[in-house]
Amino acid sequence: MELAPTDYGGASPTAEGEHAHGVAISALDGPDGPPDVRFRLVAQARPVRLPSGHSVRALTFNGRLPGPELRVRAGELVEVTLVNRDVDEGVSIHWHGVDLPNAEDGVSGVTQDAVPPGGSYVYRFRINEPGTYWYHSHQHSAGEVERGLYGALVVTPPEPQYGVDVVALAHTIAARALLGASDREQRRHVATGTPVRLRLVNSADTVRRFALMGTDFRVVAIDARDKPGGRPLSGETIAVAAGGRYDLAFRMPGSPVRLAVRDEDVGLVFDPGHGVVPEAQFGPDFDPATYGAPAAAVPGRFDRRFAVDLGRRLGFFKGGMHFGWQWTINGKTFPRMPMYMLRRGETVEFSFTNHSHIAHPMHLHGHHMLVFARDGHRITPWWSDTLEVGEGDRYDVAVVADNPGVWMFHCHNLPHAADGLVTHVGYEGVSTPFRMGSDSGNEPE
Ligand code: C2O
Ligand code: CU
């Protein structure tokens, strides 16, 4: 594949960055030493029978759909061995939202080769920020994630503060909605007065809207970063971007609480043992831009500024075989989209605009983005790793360049990514020995 042109964001490339490709990303790996926790995830094709009785031809980790929920404590050294039993196209595991060393990022063709059937690969990392994350294959991800190669990853603080801490992972497989492992509404007993943390994760390709009925609640975290100081909410709909996470907190009242997913039959009822389950109602969308206290101070200046202008245009593609709409970034189609180039230690700005007539949940690997302006106006900043950029939206975000590597930067509507809405953020002086494309066997999207 030809090299993408480079965007230096208004700074000039250093001689070092241009010529010395000193650091290979395999040197940017996780910590050594004995792990505190070990997991083994075996990828395997397998039919799965859902609670409704319907069967799906899934790809599973450890035979389960979704893969096992991994829970670790902040700061622990985690070692995960991925084994591919029989997934012909190969697999990898990306730790979505974890700002880990580049070689552990799990992207085939960028940070590793896809693991073939019979092969294995070991990931090692420490996660210092408690929060809600998830993991998924980043080989043929548009197909493999949808078919089941994904799961939740929860990092708890040293002192757990919630009596009940539950993940609600929304997915769609073979056009059927799932919440966790079920395609039906589930019920769970929770004693009145229990503090509950509810972790919403969206592993589907488009936004999912959640309602929480029967209680006031607060949004306490977005994309694994605390959202401090939020007031109690009641009736607001929580829209979670594809790939995004929202953590809600409430104290269990004396009557049932219902979590509902808009337009889907799945849900979760928290039941104290008596009372009537409330009807699902979807109020106005919650707006993180006007909620709580600022998550961080907005930098006063930027070393580089980058435009990320999402569009589409008509043209021939796939070697001239197809004519249709193609995604563009700054007017360029894949693989001629800009590679955004950073230097370690800098603070940079990305400005997203979208006139492609459809929303794009933009995901940056290895970094969190401080979202600080919308439509040119300052907002209450929050941290995001997966930002829904709707048609006509403009968002400005700040990123601190503190994690050298070559990082994917793409739309998490994974079929859009497979259709080329993909670019990279690179660091001067860092190069990858891995290759994408048909002869390498690596197809990250
Ligand atoms: Cu969850 Cu590159 O993605
Ligand atoms: Cu998209």
Side-chain angles (χ1 to χ4, degrees), residues 1 3-9 25 28 92 94-102 105-111 136 138 141-142 145 205 223 241-244 302 304-311 327-344 346-354 356 359-371 383-389 393-428 430-432 434 436 442-445:
M1 199 177 86
L3 275 177
T6 303
D7 183 340
Y8 291 96
I25 63 151
L28 302 168
S92 70
H94 168 58
W95 309 95
H96 184 117
V98 183
D99 300 337
L100 39 55
N102 194 215
D105 198 41
V107 181
S108 67
V110 180
T111 65
H136 61 79
H138 222 305
S141 61
V145 178
D205 288 324
D223 290 354
F302 293 101
R304 305 180 192 216
R305 308 180 102 103
F306 298 106
V308 185
D309 179 18
L310 305 167
W327 305 120
T328 59
I329 296 179
N330 299 348
K332 300 283 195 294
T333 54
F334 186 85
R336 300 296 301 165
M337 286 168 174
M339 163 126 164
Y340 298 101
M341 193 57 80
L342 315 184
R343 196 179 305 160
R344 185 177 196 158
E346 290 177 338
T347 300
V348 303
E349 179 193 65
F350 291 92
S351 294
F352 294 97
T353 50
N354 180 359
S356 69
H360 300 291
M362 294 301 293
H363 173 46
L364 174 60
H365 287 212
H367 303 75
H368 274 70
M369 308 180 275
L370 186 68
V371 187
W383 292 109
S384 174
D385 56 53
T386 316
L387 179 65
E388 179 91 348
V389 184
D393 283 353
R394 168 172 178 174
Y395 283 104
D396 299 325
V397 308
V399 171
V400 177
D402 58 1
N403 198 4
V406 179
W407 301 99
M408 294 289 262
F409 187 22
H410 64 92
C411 178
H412 222 285
N413 185 331
L414 294 173
H416 290 183
D419 285 341
L421 196 34
V422 177
T423 182
H424 297 84
V425 165
Y427 278 66
E428 291 183 6
V430 179
S431 63
T432 174
F434 300 103
M436 292 178 209
N442 294 321
E443 295 284 351
E445 306 305 341

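Side-chain contact check for Val430 versus Trp407: every heavy-atom pair is 4.5 Å or farther apart. With contacts defined as side-chain heavy-atom distances shorter than 4.5 Å, the pair Met436/Pro444 qualifies. In this structure the side chain of His360 reaches within 4.5 angstrom of the side chain of Trp327, judged on heavy atoms. Residues Val397 and Ser384 form no side-chain contact, since every pair of their non-hydrogen atoms from C-beta on lies 4.5 Å or further apart.
With rounding to the nearest 0.5 angstrom, the CZ atom of Phe352 is 5.5 Å from the CE atom of Met362. For the atom pair CG of Asp105 and CH2 of Trp95, the computed distance is 11.0 Å after rounding to the nearest 0.5 Å. The distance from the CG atom of Leu310 to the OG1 atom of Thr328 is 7.5 Å, given to the nearest 0.5 Å. With rounding to the nearest 0.5 angstrom, the CZ atom of Phe409 is 12.5 Å from the CE atom of Met339. If you take CD on Glu445 and CG on Leu414, they are separated by 7.0 Å, rounding to the nearest 0.5 Å. One finds the OH atom of Tyr340 at 5.0 Å from the CD1 atom of Ile329 (value rounded to the nearest 0.5 Å).
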Next on the checklist: Test side chain to side chain contact (heavy atoms under 4.5 Å, CB included) on Met408 and His94; report intermediate values, then the result.
Outcome noted: CA-CA 11 Å; Met408 294 289 262; His94 168 58; over 6 Å; no
Item to check | Criterion ring pair (Phe, Tyr, Trp, His ring centres under 6.0 Å) on His365 and His424, from CA distance to verdict | outcome: CA-CA 9 Å; His365 287 212; His424 297 84; 9.0 Å; no
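Phe350 and Val308 make their closest contact through CD2-CG2, 3.8 Å (heavy atoms, listed as atom of the first residue, atom of the second, distance). Listed here is the closest heavy atom pair of His412 and Ala242: CB-O, 3.5 Å. Nearest approach of His367 to Val400, heavy atoms of both residues: CD2-O, 3.5 Å. The heavy-atom pair separating Tyr8 from Met341 by the smallest distance is CE2-CG, 3.6 Å. Of all the heavy atoms in Pro361 and Ala241, the pair that sits closest is CB-CB, 4.1 Å. Counting all heavy atoms, side chain and backbone alike, Ala398 lies closest to Phe302 at CB-CE2, 3.6 Å.
For the residue pair Asn102/Thr111, the side-chain donor-acceptor check at 3.5 Å is not satisfied. Side chain to side chain, His368 and Asp99 meet the donor-acceptor criterion of an N or O pair below 3.5 Å.
Remark: the backbone N or O of Asp309 is paired with a side-chain donor or acceptor of Asn330 at under 3.5 angstrom. Checked by atom type and distance alone, the side chain of Ser108 never pairs as donor or acceptor with a backbone atom of Asn442 at under 3.5 Å. In this structure, His363 contributes its side chain and Thr386 its backbone to no donor-acceptor pair below 3.5 Å. With Ser92 contributing its side chain and His138 its backbone, the two residues share a donor-acceptor pair below 3.5 Å.
Taking the six-membered ring where the residue is Trp, His96 and His136 present tilted rings, their angle falling between 30° and 60°.
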